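Taking it in order: structure first as structure tokens, then the write-up.
It should be emphasised that the depicted structure is a prediction, and the values quoted were computed from it without experimental measurement.
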Amino acid sequence: MTTTAVILAAGSATRMGNHSRDKPKCLFELAPGLAIMDLTLRWLREAGFDRIVVVTRREFSRLFEERYGGGIEVVPVEAEGGFGNLYSLKVGIEAAGEGDFVLVMSDHVFEPEMLRRLLEMRGDSAFTLCLDANPRWDRVEEGLKVVLREGRVDWVGKRAPAIYGIDTGLFYCSSRATEIVEEVLRERGPGATVADALRRAVEDSQVDHVDVTGLLWLDVDTPEDLEEARRMLPKLLRRSLIKPGDGPVSRYLNRPVSTALSVGLYLRGRCPSPNLVSLASLALGLAGAAAAAAGRLLAAAAAVQLSSIVDGVDGEVARLCGSASRFGGALDALMDRVADLAVVAAAGIAAGVSGAPGVALVSAAAGGVFVYSYSSHLLGWASNSWVIRFRRWSPAGRDVRLLAAALFLAVGRPLGFLLYMAVVPAAASAVMLAASRRADVPGKRAPRAGIEPWRPPLPEVERRPTRRIGGEVEENLSSLLASGLWLLISLTVLTAASGAVAGLPPLELGGISVGADELIAILRTVAVVYFGYRLLMAGKFFVDLSSGWLARRLGAVTRSAVREALTDLIYLTFTAVLIWFLPAGLQAVPVVGGAAARASALTLIAVFFLITYDLAKVFYRSFRGIYDRAVGALAERLRRAARRVERRGGGSTPGAAGSVATQEPAGGEVAGVESPPPEGGPGGDGPGDQE
């Protein structure tokens, strides 16, 4: 595995003004005592990097050496006059030596999941970049755009179309990257940029990408960016504490609470002992067990679930404060098992089990405490990618087990929890073992005795190709037309049938009376939901197909943003149709129709507003720049029209003549709308920036 990282920190940071005169911006603080570089080094060390080379200006070398000591290798840039960040990269490569390495821009704030995905994706290409396919609109304007063709990077540049997304300043570089860097520097001189090297590598099909859309990152170029990074920090830290193998309850219920507590303590400079937090979790678990044994099941449920939440705080605090230890991990695991066994025993007491069957059930439930954890550890719970994916949705993880205990106790069914513990962990372990056996085949298996290795049966015959509709476009177009036609036919037939069956006596089904009108209403609802769903799926395909074309027409917006906005509009339309038909159809269902209709109406209205809110967020995040330009252009046209009217009238309003705000810009440009920046951009550490 690659364990070397090169960090470029030699930029002039001119947009930071006087703030960067005596200090590189990567040493600016995000929180008291926590600099941008501190965060980057933390992510690299957690990912296993043991050699980190920092390239900086000579006047800043002492600042890095004093702050980080021997933890990093500081390499000063020896160059006269101006130089680009590609020259800094060459200096870093010479210091790092041979082999692959990860390239990081020092002024980029990012969450560690990006680094993890990059390391998983690494390949033989000279450069592998992280691509954000749906960045915020203001980042699109200044970012290094990436153009894809058939899944490969086809071009990069600040003036390239924005429809595919932008680079995030994090790269995996192979040995081939060194050759390209040297070639570009020989041709373009020391002022060349990383973007120039990427463009050269694209010509040789030596640039790959990994999708990091939706992950947090920010290029800190201006004081406003720094303030935004500081606001982003709590969310960034909280997301960094989520483990890839976290179970569903931990990820969606426990972590949102525990990480808020851990990060809040950390940012206030308070770092409690992780071992004390582990003891607090144990105490809550034992208190829940005691309450369950005493028959106070609601209190027991609350204590058990609270213990599960606090159990995540110890590891989070240890990671944030740098106080993790092998002893602490072992102590936490031991106390978790003690608390789990206490809860199982208390559930047995609360359920009143007795005799040999009761003892067997409690014993099996107690075994469930150990069997799943032991199996996942044997299979590599922290390194085996398949096991990690399985644990993310497993019904037998500790987070799910404790929530199951809380729910069963809350509803007064402790016996149900014992049955769950006796069956689910063992079943999940068996599934995990069987699946890992299929996923971990080291090589070809020897054929069975007496059976030949597989081959096509003889004689081989050619089958005549049958004519069918081929391709995704044809299939989805066929589905769109067929579903729409069948929906129209169904509604027409049912409408005609409603008049024909009017006045017929109701049907008696198992003592339940169903009228003809009610049956027609139910069938109409089923037709709308079924064929409407097929129309929705086909419509989503054509949204994906047309989003690239529409993004090109709009400009300064990515294909993912257009796709997300159009998808929300389709969902809104489908939800509106369901609001119109579904409650009315459910109302006709005997017995439960009224309650089902009200519940569906409330649910659909809530979904409608949630989609509307998401659509508003997409607009603000991705289409704000287009909106601002359109408003600015419209305002300028109105001002010009008003001036023409004044000229025709032979006069002008006081103070209007000669006003700078009303003068037409040179070259016919719209006032307030800047021209695209030249390739390379202003100062900074970004891939296309000069240093």
Table please: side-chain donor-acceptor pairs of residues 226-236 below 3.5 Å, with sequence neighbours left out.
{"from": "E227", "atom 1": "OE2", "to": "R230", "atom 2": "NH1", "distance (Å)": "3.0"}
{"from": "E228", "atom 1": "OE1", "to": "R136", "atom 2": "NH2", "distance (Å)": "3.1"}
{"from": "E228", "atom 1": "OE2", "to": "R136", "atom 2": "NH1", "distance (Å)": "2.7"}
{"from": "E228", "atom 1": "OE2", "to": "R136", "atom 2": "NH2", "distance (Å)": "3.2"}
{"from": "E228", "atom 1": "OE2", "to": "R139", "atom 2": "NH2", "distance (Å)": "3.4"}
{"from": "R230", "atom 1": "NE", "to": "E29", "atom 2": "O", "distance (Å)": "2.7"}
{"from": "R230", "atom 1": "NH2", "to": "E29", "atom 2": "O", "distance (Å)": "2.8"}

Quiz item: Under the salt bridge (charged side-chain N to carboxylate O under 4.0 Å, His left out) rule, what pairs show up with a residue in residues 613-622, not counting sequence neighbours?
Solution: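 Found none.
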Self-check item: By side-chain contact (heavy atoms from CB on, under 4.5 Å) - contacts of V75 (at least two apart)
Solution: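 Residues passing side-chain contact (heavy atoms from CB on, under 4.5 Å) with V75: V53, V91, A95.
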Quiz item: Got a sec, which residues hit side-chain contact (heavy atoms from CB on, under 4.5 Å) with S258, two or more places apart in sequence or on another chain?
Solution: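 Only R255, I309, V313, E316 meet the side-chain contact (heavy atoms from CB on, under 4.5 Å) criterion with S258.
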Between [X] and [Y] (side chain of the first, backbone of the second, donor and acceptor by atom type, cut-off under 3.5 Å), is there such a pair?
X    : Y    : value
S250 : G247 : no
R268 : G264 : yes
D196 : A192 : no

Can you tell me if [X] and [Y] form a side-chain donor-acceptor pair at under 3.5 Å?
X    : Y    : answer
D50  : T3   : yes
S394 : R391 : no
S205 : R152 : no
D38  : Y68  : yes
N275 : S273 : no

Is any NZ, NE, NH1 or NH2 atom of the basic residue among [X] and [Y] found under 4.0 Å from an Asp or Glu carboxylate oxygen of the other?
X    : Y    : answer
R116 : E113 : yes
E65  : R62  : no
R251 : D246 : no
E142 : K158 : no

Quick check: closest heavy atoms across [X] and [Y], and the distance to 0.1 Å?
X    : Y    : answer
V77  : Y87  : CG1-CE2, 3.6 Å
K25  : V220 : NZ-O, 3.0 Å
S323 : P274 : OG-CG, 3.4 Å

Quiz item: For the residue pair F171 and F127, does the interplanar ring angle fall in the parallel (under 30°), tilted (30 to 60°) or perpendicular (over 60°) class?
Solution: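 Perpendicular, since the angle between the ring planes exceeds 60°.
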Quiz prompt | salt bridge (charged side-chain N to carboxylate O under 4.0 Å, His left out) against D314, all qualifying residues, sequence neighbours excluded | solution =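 Listed in chain order: nothing, the list is empty.
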Practice problem: Would you please test N134 and S622 for side chain to side chain contact (heavy atoms under 4.5 Å, CB included) and show each step? | Solution: CA-CA 8 Å; N134 189 14; S622 303; 3.3 Å; yes
Self-check item: Qualifying residues under ring-ring contact (aromatic ring centres under 6.0 Å, His included), relative to F619, sequence neighbours excluded
Solution: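 ring-ring contact (aromatic ring centres under 6.0 Å, His included) check on F619 returns Y627.
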